[in-house]
*Asks:* 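Below you'll find the structure I mean.
The basis for the numbers below is simple: all heavy atoms, side chains too, and nothing from hydrogens, waters or symmetry mates. Lettering of chains follows the sequences in order, A, B, ..., and the numbering in each one begins at 1.
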Amino acid sequence: MYNFTKIEKKWQKYWDENKTFKAVNDSDKEPYYILVEFPYPSGAGLHVGHVRSYTAQDALARIKRMQGYNVLFPMGFDAFGAPAEQYAIANHIHPKEAVKENIKTFKGQMLSLGFSFDWDREFSTTDPDYYKWTQWQFLQFYKHGMAYKAKKDVNWCPKCKIVLSNEDAAGGVCERCGSQVVQKEKSQWMLRMSDYAEDLIKGLDDTNFADRVKLGQINWIGKSKGAEVDFTVSETGDKLTVYTTRCDTLFGVTFMVLAPEHPLLDKLSDMITNMDEVRKYREFAKSKSAFERTEINKDKTGVRLEGITVTNPLNGKDVAIFISDYVMMGYGTGAIMAVPAHDQRDYEFAKKYNLEIIPVISGGDITKEAYTGDGEMINSDFLNGYTNKKESIERMLEYLQEKKIGRPKVNYRLQDWVFSRQRFWGEPIPMIYCEKCGWQPMDEKDLPLLLPDVAEYEPTDDGESPLAKIESFVNTTCPKCGGNAKRETDTMPNWAGSSWYFLRYMDPHNDHEFASMDAMKYWKRVDWYNGGMEHTARHLLYARFWVQFLYNIGLVPSKEMIWTRVSHGMVLGSDNQKMSKSKGNVINPDEIVSDYGADVLRLYEMFMGDYQQDAPWNTSSLRGCKRFIDRIYRLKDKLNNNDGYTKALEAIQNKTIKGLTYDIERMGYNTYVSKLMILTNAYEEMESISKEDYRLLLILLNPVAPHLTEELNEEMGYDIIANATWPICDESKVAEEEREIAVQVNGKVRATITIGIQEDEESIKNKALECDNVKKHLEGLEIVKIMVIKNKIVTIVAK
RNA sequence: GCCUGAGUGGCGGAAUAGGUAGACGCACAGGACUUAAAAUCCUGCGAGAUUCAACCCUCGUGUCGGUUCAAGUCCGACCUUAGGCACCA
């Protein structure tokens with residue numbers, strides 16, 4: 001019938017040669033910036049999941065262009081990181097080469113799918129021209145006191161021999177290899193992300209992110225309002241501050257728990273009579289992986305600090321101090337007041353060590369479990385009788401502040417960003433260590449600091465980056481004193497390059513700035529950012545943090561540079577499972593393109609289901625889409641020589657235009673396609689159709705299936721659809737004169753009647769009552785009420 | 001445990017503001033065309049009862065309640081499932 005491969009190649013070549021989709025930075029048109037997450041170019045090639053989201057955004061881009069916007073729709077590659085490095089180690093080639101190959105594959109696949117990316121703006125995060133600016137921005141963090149080096153207990157993967165961020169070690173398991181993560185002390189570069197916790201929450205108000213995305217961000221930041229309360233070590237007078245969200249229960253404190261790492265232990269080691277036991281517990285806690293340590297339902301463990309006690313500042317009562325690993329040094333003050341009567345964890349601990357449990361809120365049965373509900377305050381001196389939790393907390397806070405033993409305090413779970421990786425394949429951190437001058441930033445004019453060309457990428461056994469073995473890289477001179485100095489050998493995390501790439505697209509060839517202020521002011525922001533659900537917490541938060549920082553130092557025009565963020569669902573295998581080689585359910589887009597064509601694959605992936613939900617692959621359904629495309633092609637046999645639109649089609653044509661324009665705004669791609677099928681069905685029922693009719697259908701279908709539609713459009717002798725204007729619905733053509741509506745008797749549909757759109761209520765009521773079946777159901781009943789809901793339904797209530 | 005989604009025919013899924021549930025497609029069945037098959041076209045297709053047939057009737061959107069003339073849609077409790085977080089004081 002037609003050779004789709006030939007047609008698709010023809011138009012892909014045309015678009016490429018004519019730079020049809022090039023975005024310009026100096027246009028009078030309204031800018032519109034559509035972004036899809038750039039892919040990690042893995043060896044496996046493009047996934048059908050990529051095709052889904054790229055097609056969706058491509059359709060949006062094509063429509064927005066037709067609507068007269070200057071559309072920026074760029075693509076690039078996020079190519080630093082572990083997989084490329086692992087691949088390089090296994091195959092003994094430089095990751096640079098592997099990445100180059102993979103990018104070639106990915107780009108070839110994308111081109112074969114006809115996405116309207118502006119390829120003139122393409123870059124990879126591994127390009128020195130790009131990572132030069134990532135390094136430059138790191139220096140700005142450093143120069144503004146936002147980057148610091150700290151000895152931290154970090155998540156250490158014994159197999160990959162790398163340090164992992166909390167995010168990468170989620171659940172105590174290495175995200176890459178699944179090994180159990182252990183704790184190891186290392187000197188790390190950190191970014192002060194926790195300083196931005198509040199701004200990152202507030203900034204969400206200036207975005208149009210989906211609610212579930214906003215909530216994900218808020219939960220990740222983990223804001224908690226509470227109080228700090230100062231206790232004192234009875235024997236020494238040392239202050240010991242705790243953080244609590246329930247200061248109203250202070251009279252129920254029967255012991256205190258410190259994190260095993262708490263610094264007070266070292267300070268008072270002379271006082272603690274069982275220090276050996278304490279040290280042993282500390283070692284024990286440290287040896288445990290994060291997973292074991294945070295595992296729920298496990299027995300509480302701990303050691304009592306003999307020789308010291310602590311005084312409750314409220315009632316002067318002395319209570320015992322314990323250390324236990326259920327208290328974390330990284331949150332709050334690393335010390336808690338234990339109220340076993342009203343906290344599950346404290347309760348378990350108290351039960352195990354036989355500690356006193358004093359209820360201060362009435363209601364529960366403390367012989368059975370900790371009572372976390374509300375009730376009247378008891379055993380609480382001035383709080384006795386309070387029944388409202390909020391009021392009790394407020395009253396207690398007043399008291400604490402009055403006595404200067406406590407203060408309101410807000411805590412966040414969000415921690416500073418561990419920014420070092422002991423890897424080869426990342427952006428080198430442009431810092432130099434001099435024995436005399438300490439850490440010194442590289443001179444900005446010496447950037448980029450290039451990764452050396454070497455053959456060894458394995459990390460050292462002690463966890464240093466492979467770069468540490470390369471003397472020509474390590475040895476340098478101090479930028480300050482000129483003496484011998486050594487470079488930082490850690491590299492940046494994978495998240496670095498993707499934290500600002502959307503800014504670079506606005507001005508990708510700029511060689512004296514990461515992007516000019518003019519360019520960023522012109523494009524304003526990313527209007528529509530699409531990505532996977534798995535990136536809505538971390539990547540998005542890092543990117544927002546990065547932008548907020550750049551804004552605060554005057555380098556970007558606004559604090560939030562991403563307006564709408566949406567997440568797409570996964571394309572699952574036909575067995576409803578995540579696609580994976582081991583399950584043998586992987587669909588290769590190349591095969592589909594060669595067997596069915598890119599248009600069919602694109603159409604099918606839009607049609608397969610709700611874009612924001614996961615959807616399983618179904619080859620039969622794909623064939624149905626092929627059938628539809630073939631029907632579109634065959635419609636050309638129906639062409640007549642009439643001018644304009646066929647009268648009988650105008651209503652449905654305009655209705656379709658209206659529906660599609662609405663669908664695209666709300667990401668209703670599946671209904672977008674179904675409406676086109678309905679329109680096509682209507683065309684097929686006609687004896688013949690005009691060229692205008694046909695062209696309209698082709699324009700409407702073009703965003704999803706751009707190749708064949710351009711071809712058929714060209715055959716009729718029209719200018720290309722990419723230059724066309726998106727049609728606007730003519731409401732006067734949609735307006736119907738009559739409508740069929742239902743008649744209900746006591747809530748059940750009993751008949752349908754045809755009414756005029758302007759028909760008056762009385763006449764409609766009479767029509768309804770005349771229906772045989774309505775009469776039948778009203779027999780023996782008395783009509784209570786008749787309601788006419790305009791142009792929708794007539795409902796009769798009878799008794 | 002907490003936070004997010006999602007539960008609708010044999011299947012993927014529609015239903016935009018509470019108003020005729022099942023659009024559109026797949027699969028399946030019957031028919032047309034064909035020497036035959038493929039392709040294409042036509043018809044049917046939630047379950048049940050009844051009927052020569054049609055109309056008509058009953059039930060039906062995870063479960064149980066509620067609000068309403070009217071609920072897939074709103075409210076309350078619960079179940080299942082996917083994802084995220086998780087001893088965060």
*Asks:* Looking for any heavy atom pair under 4.0 Å, which part of the strands does A:Asp630 touch: base, sugar-phosphate only, or nothing?
*Replies:* nothing

*Asks:* Looking at the side chain of A:Thr244, which of B:A89, B:G25, B:C69 is the nearest nucleotide?
*Replies:* B:A89

*Asks:* Say we look at B:C24 and B:A77: how far apart would their C1' atoms be, to the nearest angstrom?
*Replies:* 36 Å

*Asks:* Could you check how far CD of A:Glu685 sits from P of B:C24, rounded to whole Å?
*Replies:* 11 Å

*Asks:* Hunt down the Watson-Crick or G-U wobble partner of B:U50, both distances under 3.5 Å, from any strand shown, or write none.
*Replies:* none

*Asks:* Go ahead and name the base partner of B:A86; Watson-Crick or wobble counts if both distances stay under 3.5 Å, otherwise write none.
*Replies:* none

*Asks:* Taking for each residue the nucleotide of RNA chain B bearing the nearest heavy atom, is the 5' side occupied by A:Gly747 or by A:Asn681?
*Replies:* A:Asn681

*Asks:* Indicate whether OP1 or OP2 belonging to B:C57 is found under 4.0 Å from a side-chain N or O atom of A:His777.
*Replies:* yes

*Asks:* Is there a side-chain contact between A:Arg212 and the phosphate of B:G84, meaning an N or O under 4.0 Å from OP1 or OP2?
*Replies:* no

*Asks:* Measuring from the side chain of A:Thr752 (C-beta onward, heavy atoms only), which nucleotide among B:U20, B:C24, B:C26 has the closest atom?
*Replies:* B:U20

*Asks:* Within the 4.0 Å heavy-atom criterion, would you say A:Thr245 contacts the bases, only the backbone, or no part of the nucleic acid?
*Replies:* sugar-phosphate

*Asks:* For a quick check of understanding: with a heavy-atom distance under 4.0 Å over all strands, which category does A:Asp211 fall into, base, sugar-phosphate or nothing?
*Replies:* nothing

*Asks:* With both distances under 3.5 angstrom, what nucleotide forms a Watson-Crick or G-U wobble pair with B:U40?
*Replies:* B:A32

*Asks:* Determine the interatomic distance between P on B:G31 and the same-named atom on B:U20; round to the nearest Å.
*Replies:* 37 Å

*Asks:* How far, in whole Å, is B:G18 from B:C75 if one measures between their C1' atoms?
*Replies:* 13 Å

*Asks:* Checking contacts here: which listed nucleotide (B:C41, B:C85, B:U20) is nearest the side-chain heavy atoms of A:Arg634?
*Replies:* B:C41

*Asks:* Please answer whether B:U16 and A:Tyr662 are stacked, defined here as ring centres separated by less than 5.5 Å and planes angled under 30°.
*Replies:* yes

*Asks:* Which comes earlier along RNA chain B counting from the 5' end, the contact point of A:Cys625 or that of A:Gln612, where each point is its nearest nucleotide?
*Replies:* A:Gln612

*Asks:* Can you check whether A:Arg623 has a side-chain N or O nearer than 4.0 Å to OP1 or OP2 of B:A39?
*Replies:* no

*Asks:* Rounded to whole angstrom units, what separation is found between the NZ atom of A:Lys638 and the C1' atom of B:C41?
*Replies:* 11 Å

*Asks:* Among B:C57, B:A14, B:G25, which is the nearest nucleotide to the side chain of A:Phe607?
*Replies:* B:G25

*Asks:* Flag this pair as yes if the NZ/CZ of A:Arg565 is under 6.0 angstrom from the six-membered ring centre of A:Tyr529 and inside a 45 degree cone about the axis; otherwise no.
*Replies:* yes

*Asks:* Taking syn as within 90° of 0 and anti otherwise, name the glycosidic form of B:G46.
*Replies:* anti

*Asks:* Which base, if any, makes a Watson-Crick or G-U wobble pair with B:G60, both distances under 3.5 Å?
*Replies:* none

*Asks:* Rounding to a whole Å, what distance do you find between A:Asn219:CG and B:U4:P?
*Replies:* 8 Å

*Asks:* For B:G72, what is the paired nucleotide under Watson-Crick or G-U wobble rules, both distances under 3.5 Å?
*Replies:* none

*Asks:* With the side chain of A:Lys792 defined as its heavy atoms from C-beta on, choose the nearest nucleotide among B:C56, B:G19, B:C26.
*Replies:* B:G19

*Asks:* Given the P atoms of B:C56 and B:C41, what is the spacing between them in whole Å?
*Replies:* 31 Å

*Asks:* Quick one: label A:Gln344 by what it contacts on the DNA or RNA (base, sugar-phosphate, nothing), any heavy atom closer than 4.0 Å.
*Replies:* nothing

*Asks:* With distance as the sole criterion, do the side chain of A:Thr795 and the base of B:C69 form a donor-acceptor contact below 3.5 Å?
*Replies:* yes

*Asks:* Classify the nucleic acid contact of A:Gly624 as base, sugar-phosphate or nothing, counting any heavy atom under 4.0 Å across all strands shown.
*Replies:* sugar-phosphate

*Asks:* Choosing from B:U4, B:A15, B:U20, which nucleotide comes nearest the side chain of A:Leu215?
*Replies:* B:U4

*Asks:* Tell me what A:Gln744 touches on the nucleic acid: a base, only sugar-phosphate, or nothing, going by heavy atoms under 4.0 Å.
*Replies:* base

*Asks:* Indicate whether OP1 or OP2 belonging to B:A14 is found under 4.0 Å from a side-chain N or O atom of A:Asn670.
*Replies:* yes

*Asks:* Which listed nucleotide (B:C59, B:C41, B:U20) is nearest to the side chain of A:Arg631?
*Replies:* B:C41

*Asks:* With no hydrogens and no angle check, just 3.5 Å: does a side-chain donor-acceptor pair link A:Ser224 and A:Asn411?
*Replies:* no

*Asks:* Is A:Glu770 salt-bridged to A:Lys775, going by a charged N under 4.0 Å from an acidic O?
*Replies:* no

*Asks:* Tell which nucleotide pairs with B:U20, taking only Watson-Crick or G-U wobble pairs whose two distances are both under 3.5 angstrom.
*Replies:* none

*Asks:* Identify which nucleotide among B:A27, B:G5, B:G25 has an atom closest to any side-chain atom of A:Gln613, counting heavy atoms from C-beta outward.
*Replies:* B:G5

*Asks:* A:Ile678 near the nucleic acid: base, sugar-phosphate alone, or nothing, with a heavy-atom cut-off under 4.0 Å?
*Replies:* sugar-phosphate

*Asks:* Distance between the C1' atoms of B:C2 and B:C11, in whole angstroms?
*Replies:* 35 Å

*Asks:* What heavy-atom pair brings A:Asp346 and A:Tyr326 nearest, and what distance separates the two atoms?
*Replies:* OD1-OH, 2.8 Å

*Asks:* Determine the interatomic distance between C1' on B:A6 and the same-named atom on B:U63; round to the nearest Å.
*Replies:* 16 Å

*Asks:* What's A:Met533 touching, base or sugar-phosphate or nothing? Going by heavy atoms closer than 4.0 Å.
*Replies:* nothing

*Asks:* Send over the distance from A:Leu572 CG to B:A82 C1', rounded to a whole Å.
*Replies:* 10 Å

*Asks:* Would you confirm whether A:Thr372, through its side chain, and A:His342, through its main-chain N or O, come within 3.5 Å as a donor-acceptor pair?
*Replies:* no

*Asks:* Going by the glycosidic torsion and a 90 degree boundary from 0, is the base of B:A38 oriented syn or anti?
*Replies:* anti

*Asks:* By the 4.0 Å heavy-atom rule, please label A:Arg739 as base, sugar-phosphate, or nothing.
*Replies:* nothing

*Asks:* Stepwise, does the salt bridge (charged side-chain N to carboxylate O under 4.0 Å, His left out) test hold for A:Glu759 with A:Lys790?
*Replies:* CA-CA 10 Å; A:Glu759 194 165 336; A:Lys790 200 169 191 298; over 6 Å; no

*Asks:* In whole Å, measure the gap between the C1' atoms of B:U8 and B:U80 for me.
*Replies:* 15 Å

*Asks:* Whether the side chain of A:Arg602 engages the backbone of A:Pro703 through a donor-acceptor N/O pair (distance < 3.5 Å, no angle test) should be reported.
*Replies:* yes

*Asks:* Determine: side-chain N/O of A:Arg413 to OP1/OP2 of B:A86, distance under 4.0 Å, yes or no.
*Replies:* no

*Asks:* Can a donor-acceptor pair be found between the side chains of A:Arg666 and A:Thr671 at a distance below 3.5 Å?
*Replies:* yes

*Asks:* Among B:C56, B:A14, B:G25, which nucleotide sits nearest the side chain of A:Asn773?
*Replies:* B:C56

*Asks:* What nucleic acid atoms does A:Asn411 come within less than 4.0 Å of, heavy atoms only: base, sugar-phosphate, or nothing?
*Replies:* nothing

*Asks:* Determine the Euclidean distance between corresponding P atoms of B:G22 and B:A71; express it in Å to zero decimal places.
*Replies:* 16 Å

*Asks:* Between A:Lys638 and A:Glu684, does any side-chain N to carboxylate O distance fall below 4.0 Å?
*Replies:* no

*Asks:* When you measure from the side-chain N and O atoms of A:Ser224 to the phosphate of B:A89, is any distance below 4.0 Å, counting only OP1 and OP2?
*Replies:* yes

*Asks:* Suppose we define a pair by two distances each less than 3.5 Å, Watson-Crick or G-U wobble; what does B:A6 pair with here?
*Replies:* B:U80

*Asks:* Just N and O in the side chain of A:Tyr331: are any of them under 4.0 Å from OP1 or OP2 of B:A89?
*Replies:* yes

*Asks:* For B:C55, what is the paired nucleotide under Watson-Crick or G-U wobble rules, both distances under 3.5 Å?
*Replies:* none

*Asks:* Are more than 12 heavy atoms from other residues, nucleotides or ligands located less than 6.0 Å from atom NZ of A:Lys578?
*Replies:* no

*Asks:* Given B:A89, B:G13, B:C24, identify the nucleotide with an atom nearest to the side chain of A:Ala615.
*Replies:* B:G13

